[in-house]
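Every chain is numbered from 1 and lettered A, B, ... according to where its sequence line falls, protein lines coming before strand lines. Side chains are part of it too, since the values below use all heavy atoms of this structure and drop only hydrogens, waters and symmetry mates.
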Protein chains: 4
Amino acid sequence: MEFSQPKGIYQQIADQVCERILSGEWAAEERIPSVRELAVDMGVNPNTVARSYQSLVDDMHIENRRGIGYFVIQNARERILENMKNRFINMELPRLFRTMQKLGIKPEEIVQRYEQFSQSVQVSQGEKQ
Amino acid sequence: MEFSQPKGIYQQIADQVCERILSGEWAAEERIPSVRELAVDMGVNPNTVARSYQSLVDDMHIENRRGIGYFVIQNARERILENMKNRFINMELPRLFRTMQKLGIKPEEIVQRYEQFSQSVQVSQGEKQ
Amino acid sequence: MEFSQPKGIYQQIADQVCERILSGEWAAEERIPSVRELAVDMGVNPNTVARSYQSLVDDMHIENRRGIGYFVIQNARERILENMKNRFINMELPRLFRTMQKLGIKPEEIVQRYEQFSQSVQVSQGEKQ
Amino acid sequence: MEFSQPKGIYQQIADQVCERILSGEWAAEERIPSVRELAVDMGVNPNTVARSYQSLVDDMHIENRRGIGYFVIQNARERILENMKNRFINMELPRLFRTMQKLGIKPEEIVQRYEQFSQSVQVSQGEKQ
DNA sequence: GTGGTCTAGACCACC
DNA sequence: GTGGTCTAGACCACA
């Protein structure tokens with residue numbers, strides 16, 4: 001948990017929940033930790049987790065069953081990936097491209113740097129094991 | 001001016017000033033509008049413009065000559081480009097690459113979309129003229 | 001069973017019991033399923049069904065014969081209809097009328113839409129058979 | 001403010017804001033009270049008002065201008081009416097009609113009661129003056 | 001036990 | 001001054 005400012009804590013938690021759904025740690029139709037449990041886990045106020053969960057409900061990634069808890073929605077993984085892809089293509093890429101034009105960076109440079117990046121990731125994953 | 005949330009008004013103004021320096025509209029050693037003038041132009045509180053200017057002074061893109069006004073620093077353009085490039089490579093690209101990995105997007109797709117983007121920009125600029 | 005928010009599970013169950021009494025499926029003086037049976041049927045905690053039954057006892061639609069089970073009260077159907085009608089006329093209609101005034105909807109429009117509704121219901125019932 | 005339970009306080013406040021926009025008390029592009037002001041007015045915690053305002057932002061009835069306050073959006077009135085009408089026709093009317101069928105209430109009765117209602121409203125408004 | 005809501009009070013960035 | 005966020009702690013209805 002990053003308690004400084006890049007983005008709100010509740011957002012970071014929501015993102016983490018999505019990660020865990022994507023990774024399969026929390027499968028469809030499965031119950032996820034209660035607001036209070038996760039709050040303790042994360043060292044955070046329950047209200048904050050509640051807010052995260054609510055935002056995930058709004059995005060239809062999880063649902064609430066009264067008095068029982070929150071559950072991962074059927075095709076949450078597909079939905080999350082869909083959302084991320086849309087946001088990436090419609091929001092991030094245009095910003096990226098505009099910056100590239102301003103800076104006179106050619107796409108080839110991006111490709112080249114990406115390859116460097118992939119290799120360094122493989123290396124650092126190798127170190128972990 | 002976007003008065004809603006993405007980033008602070010003062011940041012947006014600072015960015016615009018940089019744009020105008022880059023475009024050559026405001027050349028090196030030239031005086032830029034006074035805080036009050038720009039505030040009126042932008043429909044914004046003078047304090048806000050003052051803060052923008054101060055951040056630009058901190059980044060050494062402009063300088064204050066007391067009693068006279070703010071002036072573009074000698075090699076402001078180079079400095080601004082430098083800054084943008086550093087931020088882009090060290091901050092934005094890593095985020096970009098991580099997102100690409102998560103979404104399984106190959107760099108070729110980026111290149112392809114960039115070409116589409118460049119064309120559409122050329123077209124819309126043609127329309128303007 | 002709607003496990004999400006509109007109204008409590010126990011209320012939904014109580015409503016369903018009333019429906020079955022109204023439809024004649026469960027006649028007066030007849031025994032209705034035990035708390036546990038109904039709980040299994042509905043995929044619900046027995047406590048929840050117990051609470052539904054208790055609310056129906058409070059409204060005098062069913063009664064508990066100790067050690068035997070719950071039974072539909074003599075004139076339950078009349079009583080249920082009575083209750084529904086009272087609630088409708090005293091609680092729902094005023095809200096409805098206030099909304100109509102705010103939105104400038106004339107009662108004629110309601111009548112017209114009601115006719116459409118009745119027809120569509122007849123059609124969909126025809127399809128079922 | 002109804003501090004009992006029919007609906008949440010923040011909802012009631014949001015509704016009241018809509019009413020005031022509809023009535024013209026708060027015109028388009030106009031600033032509405034700050035979160036803290038309205039909180040004092042209503043005898044309520046600022047967080048609660050903030051939540052109301054946020055829900056109105058989500059519904060695009062008001063917008064936030066950083067550091068200044070909340071403003072009524074251009075065609076908020078039309079939007080609000082639109083929303084209310086949609087909700088009425090798609091959510092409330094079907095419930096109404098189903099209840100009418102269960103209770104064997106004919107639309108003519110609704111019309112008749114509506115006329116009584118309109119008259120009583122006129123009378124009570126006359127008394128106010 | 002679950003979540004939903006509200007209060008009180010705090011800190012922050014921003015205008 | 002503005003709103004945005006977080007914490008602490010409370011109460012409620014519901015399962």
Side-chain angles (χ1 to χ4, degrees), chain A residues 1 3-13 31-39 42-54 57 62-71, chain B residues 1 3-13 39 42-52 55, chain C residues 1 3-13 39 42-52 55, chain D residues 1 3-13 31-39 42-54 57 62-71:
Chain A
M1 209 70 339
F3 286 91
S4 18
Q5 305 101 338
K7 45 185 167 180
I9 298 184
Y10 81 96
Q11 261 294 356
Q12 297 178 47
I13 294 176
R31 184 171 175 276
I32 66 178
S34 78
V35 169
R36 306 197 234 252
E37 280 169 11
L38 195 58
M42 303 244 155
V44 142
N45 187 291
N47 281 326
T48 306
V49 175
R51 191 174 175 184
S52 307
Y53 278 11
Q54 193 51 55
V57 170
I62 64 178
E63 69 182 350
N64 181 357
R65 302 192 191 154
R66 300 183 62 117
I68 307 182
Y70 285 93
F71 292 75
Chain B
M1 209 74 336
F3 286 91
S4 306
Q5 294 117 342
K7 50 182 164 182
I9 308 288
Y10 84 96
Q11 263 292 357
Q12 297 178 46
I13 293 174
M42 302 243 154
V44 144
N45 189 301
N47 287 324
T48 306
V49 175
R51 187 169 177 185
S52 307
S55 84
Chain C
M1 208 72 337
F3 287 91
S4 306
Q5 293 118 338
K7 52 182 165 184
I9 309 287
Y10 85 96
Q11 261 293 356
Q12 297 178 47
I13 294 174
M42 303 243 153
V44 143
N45 190 301
N47 287 325
T48 307
V49 175
R51 186 168 179 185
S52 307
S55 82
Chain D
M1 212 64 345
F3 285 91
S4 20
Q5 304 101 343
K7 44 184 167 179
I9 299 186
Y10 80 96
Q11 260 295 353
Q12 297 177 45
I13 292 175
R31 185 172 174 272
I32 65 177
S34 80
V35 168
R36 304 197 234 253
E37 279 169 9
L38 195 59
M42 302 242 156
V44 143
N45 188 292
N47 281 327
T48 307
V49 175
R51 192 173 175 187
S52 308
Y53 278 11
Q54 193 51 55
V57 169
I62 64 177
E63 67 180 353
N64 180 358
R65 303 193 191 154
R66 302 184 61 121
I68 308 183
Y70 285 93
F71 292 74

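If you measure from atom CG of B:Asn45 to atom C1' of E:dC15, you get 6 Å, rounded to the nearest angstrom. In this entry the distance linking CG of A:Asn64 with C1' of E:dG4 reads 9 Å, nearest Å. Here the C1' atom of nucleotide E:dC15 and the NZ atom of B:Lys7 are 17 Å apart, to the nearest Å. In this structure, the CD atom of C:Gln11 is 10 Å from the P atom of F:dA15, given to the nearest Å. Atom CD in C:Gln5 sits roughly 13 Å away from atom C1' in E:dT2 (whole-Å rounding). Between the CZ atom of D:Phe3 and the C1' atom of F:dA10 there is a distance of 16 Å, given to the nearest Å. Across the protein-nucleic acid pair, D:Phe71 atom CZ and E:dC15 atom P stand 13 Å apart, rounded to whole Å. Put simply, CE on A:Met42 is 13 Å from P on F:dC6, counting in whole angstrom units.
With DNA chain E read from its 5' end, the first of the two nearest nucleotides for B:Asn47 and A:Ala50 is the one closest to A:Ala50. Across the interface with DNA chain E, nearest-nucleotide mapping of B:Gly8 and D:Ile9 shows D:Ile9 to be the residue nearer the 5′ end.
A heavy-atom distance below 4.5 Å is not found between the side chains of A:Gln54 and A:Asn64.
Residue D:Tyr10 has no polar side-chain atom (N or O) positioned under 4.0 Å from OP1 or OP2 of E:dT7. The side chain of B:Thr48 contributes no N or O atom lying less than 4.0 Å from OP1 or OP2 of E:dC14. At F:dG1, none of the side-chain N or O atoms of D:Arg36 fall inside 4.0 Å of OP1 or OP2 (strictly under the cut-off). Distances shorter than 4.0 Å separate some side-chain N or O of A:Tyr70 from OP1 or OP2 on E:dG4.
Checking side-chain atoms of D:Glu37 against main-chain N and O of D:Ser34 turns up a donor-acceptor pair under 3.5 Å.
In secondary-structure terms, DNA chain E builds stems of at least 3 consecutive Watson-Crick or G-U pairs, each pair having both distances under 3.5 Å, at E:1-14 with F:1-14.
The listed nucleotides are E:dG3, F:dG4, F:dT5; the one nearest the side chain of D:Gln54 is F:dG4. Listed nucleotides: F:dT5, F:dA8, E:dT7. Nearest to the side chain of A:Arg51: F:dT5. The side chain of D:Ser34 lies closest to F:dG3, out of F:dG3, F:dT7, E:dG3. Among the nucleotides F:dG4, F:dT7, E:dG3, the one closest to any side-chain atom of A:Val44 is F:dT7.
At a cut-off of 3.5 angstrom, the base of E:dG3 holds no donor-acceptor pair with the side chain of A:Arg66. Checked by distance alone, A:Arg65 brings no side-chain donor or acceptor within 3.5 Å of a matching partner on the base of E:dT2.
The heavy-atom pair separating A:Val44 from A:Val49 by the smallest distance is CG1-CG2, 4.0 Å. When all heavy atoms of B:Gly43 and B:Phe3 are compared, the pair lying nearest together is O-CZ, 3.7 Å.
For the atom pair CE (C:Met1) and CD (C:Gln12), the distance works out to 5.0 Å, reported to the nearest 0.5 Å. Distance OH/A:Tyr70 to CZ/A:Arg31: 11.5 Å, rounded to 0.5 Å. The structure places CZ of D:Arg65 at 10.0 Å from CD1 of B:Ile9, a figure rounded to the nearest 0.5 Å. The OG1 atom of D:Thr48 sits 10.5 Å away from atom CG of D:Leu38, with the distance rounded to the nearest 0.5 Å.
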